[in-house]
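First comes the structure, then the notes that go with it.
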Number of protein chains: 2
Amino acid sequence: MNSIRIAIVDDKKLLREALISNISNYAEIEIILQAVDGMDFLDQIAALAEQERPQIVLMDIEMPIMDGIEAVTLAKEKYPGIQFLMLTVFDDDDKLFDAIKAGADGYLLKDEKISNIVKAIVEVVYEGGVPMSPRIARKALALLRNKADIIEQFKPDADNDHLLSNREMEILNRIVDGLNYQEIGERLFISPHTVRKHIANIYDKLHVSNKASAIKVATQKRWFN
Amino acid sequence: MNSIRIAIVDDKKLLREALISNISNYAEIEIILQAVDGMDFLDQIAALAEQERPQIVLMDIEMPIMDGIEAVTLAKEKYPGIQFLMLTVFDDDDKLFDAIKAGADGYLLKDEKISNIVKAIVEVVYEGGVPMSPRIARKALALLRNKADIIEQFKPDADNDHLLSNREMEILNRIVDGLNYQEIGERLFISPHTVRKHIANIYDKLHVSNKASAIKVATQKRWFN
DNA sequence: GTGTGAATAATACATTTGTATTATAATTAA
DNA sequence: TTAATTATAATACAAATGTATTATTCACAC
């Protein structure tokens with residue numbers, strides 16, 4: 001099988017070279033790009049044709065100019081095919097969360113054995129896995145577990161079909177935002193009279209008779225925010 | 001090193017025995033308990049002394065009487081030291097989420113190779129990892145990613161000291177509930193005039209000038225609901 | 001092609017709300 | 001003790017809101 005094309009993004013020359021010299025022992029992996037920070041990486045990759053791009057990027061998180069999180073966020077949008085393994089010394093909760101949010105495909109600690117990093121690269125490419133250092137995996141799981149209640153709350157409501165028309169929803173949204181008739185009319189380019197009529201209809205449908213109560217219904221049903 | 005003591009909980013005899021005969025080839029693992037459903041498992045484990053208990057439980061999810069999710073939920077409370085590997089044919093999103101919430105320490109698909117199941121057991125015990133079948137790991141990550149916004153929203157606010165007095169908070173709460181001056185006064189046994197004065201003060205403090213906007217501030221700061 | 005629902009618009013009136021101002025008692029902080 | 005804050009209360013006026021009613025246009029379904 002073809003060797004896996006990877007990139008390494010890290011500002012510490014020492015670490016970068018240690019990685020490179022170690023990984024170069026593995027025939028199945030080919031390092032085709034090095035960068036010293038996120039911006040450098042984005043610049044370099046923009047210059048490559050699609051088939052020249054790396055399949056996997058080992059991305060440090062803490063870097064000057066543009067850090068790994070931001071780089072992944074931007075890169076994932078432009079090159080969704082590339083997979084990113086975050087490689088960092090820290091196992092900070094927020095960083096982990098941010099990395100996942102940005103679209104990281106794996107998260108390894110730098111003190112991981114090189115053989116494990118290689119294993120992780122192979123796992124991502126050939127098994128579609130999500131390699132994580134054990135400590136990281138625990139944290140990710142804990143994160144999910146801790147937020148379970150919150151997530152649960154936000155499961156779609158099942159009931160509530162679209163009682164309100166699109167226009168009415170639009171107007172209710174402005175009410176929730178604290179706009180008055182006049183302002184809503186201006187925003188939507190309609191007469192304030194029309195707005196009032198819509199709102200009267202909204203009240204009918206929601207069985208309320210003032211803005212505050214309408215907002216309450218909208219909030220409980222989690223229609224906005 | 002000592003062998004790892006595990007339990008197997010599955011209602012399908014065939015599958016159970018396949019697992020057992022396969023795992024018994026590995027000297028490092030010792031099967032010390034079998035159960036056919038969650039209830040059976042809880043009964044059996046309750047009869048064991050602490051040092052007799054399994055370190056790892058391979059737990060099926062779909063089972064009659066008491067399913068794996070419920071069993072883990074209950075067992076984790078009573079025996080937090082035991083680790084649970086969910087082992088199921090389905091990779092249903094909700095089930096995965098429920099399992100994590102219940103406290104599962106890993107999640108493998110049943111079509112995983114036996115060697116991988118053994119590897120997973122070893123990983124949990126000796127490396128503190130969270131073994132997951134690649135497909136599952138992807139889903140867990142996606143789940144976390146999808147809910148990122150929601151989780152973020154619930155991070156504590158840091159700012160906001162109690163600008164508002166207790167009384168003012170009380171009254172704002174009624175506003176959020178959609179009550180008018182009259183009604184708020186009745187509920188709090190004060191004159192509607194007083195209510196209006198309080199509300200005017202609230203508006204001053206929150207830098208707003210109507211109920212809807214006040215509600216918006218309260219909602220954003222998550223003071224109620 | 002007729003009817004239904006949705007969006008638009010206007011008028012009119014009663015009610016509620018927002019704001020200003022003033023005042024008193026109770027509590028709290030300096 | 002004094003000053004500041006909070007809670008209480010009332011009056012008055014302007015602005016916004018809630019409600020009723022009527023009417024036109026448009027799109028879509030039957």
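The chains referred to below are lettered A, B, ... by the order of the sequence lines, with proteins before strands, and numbering in each begins at 1. Predicted, not measured: the structure shown is a model, and the values here were computed from it.
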Taking only the side-chain heavy atoms of A:I190 (C-beta and beyond), determine which of D:dA9, C:dA9, C:dG18 contains the nearest atom. C:dA9
For DNA chain D, whose closest nucleotide is more 5', that of B:R167 or that of B:N210? B:R167
Using a 4.0 Å heavy-atom cut-off across all strands, classify A:N201 as base, sugar-phosphate, or nothing. nothing
Reckon B:T194 touches a base, only the sugar-phosphate, or nothing at all at heavy-atom distances under 4.0 Å? base
Counting heavy atoms from C-beta on, name the nucleotide in C:dA12, C:dT11, D:dT11 closest to the side chain of A:H193. C:dT11
Of the options A:L48, A:L33, A:I32, which is the one that meets A:R53 in a side-chain contact (heavy atoms from CB on, under 4.5 Å)? A:L48
Please figure out whether B:Y181 or B:D204 has its closest DNA chain C nucleotide nearer the 5' end. B:Y181
Atom NE2 of A:H207 and atom P of D:dT19: how far apart are they, to the nearest Å? 14 Å
Roughly how far, to the nearest 0.5 Å, is the CG atom of A:L87 from the NZ atom of A:K110? 6.0 Å
For B:I199 and D:dA9, what is the distance between atoms CD1 and P respectively, to the nearest whole Å? 14 Å
Taking atom OG1 of A:T194 and atom CD1 of A:I199, what is their separation to the nearest 0.5 Å? 11.0 Å
State, yes or no, whether a side-chain contact exists between B:K76 and B:D105 at a heavy-atom distance under 4.5 Å. yes
Rounded distance (Å) that lies between atom P of D:dA16 and atom OH of B:Y203: 13 Å
Please state how far atom NE2 in A:H198 lies from atom P in C:dA6, giving the value in whole angstrom units. 11 Å
Remember a base hit wins even if backbone is also touched, and classify A:K197 as base, sugar-phosphate or nothing at under 4.0 Å, heavy atoms. base
Closest to side chain of B:E168, choosing from D:dA9, D:dG18, D:dA7: D:dA7
Whole-Å distance between C:dA7 C1' and A:E170 CD? 11 Å
Does A:K211 make a cation-pi contact with A:Y181 (under 6.0 Å, within 45 degrees of the axis)? yes
Of the listed nucleotides D:dA7, D:dT19, C:dG18, the one nearest the side chain of B:R196: C:dG18
So which one's nearest nucleotide on DNA chain D is more toward 5', B:L188 or A:N180? B:L188
In whole angstrom, what separates A:L179's CG from D:dT17's C1'? 15 Å
Nearest to the B:K205 side chain among C:dG18, C:dA6, D:dT6, which nucleotide is it? D:dT6
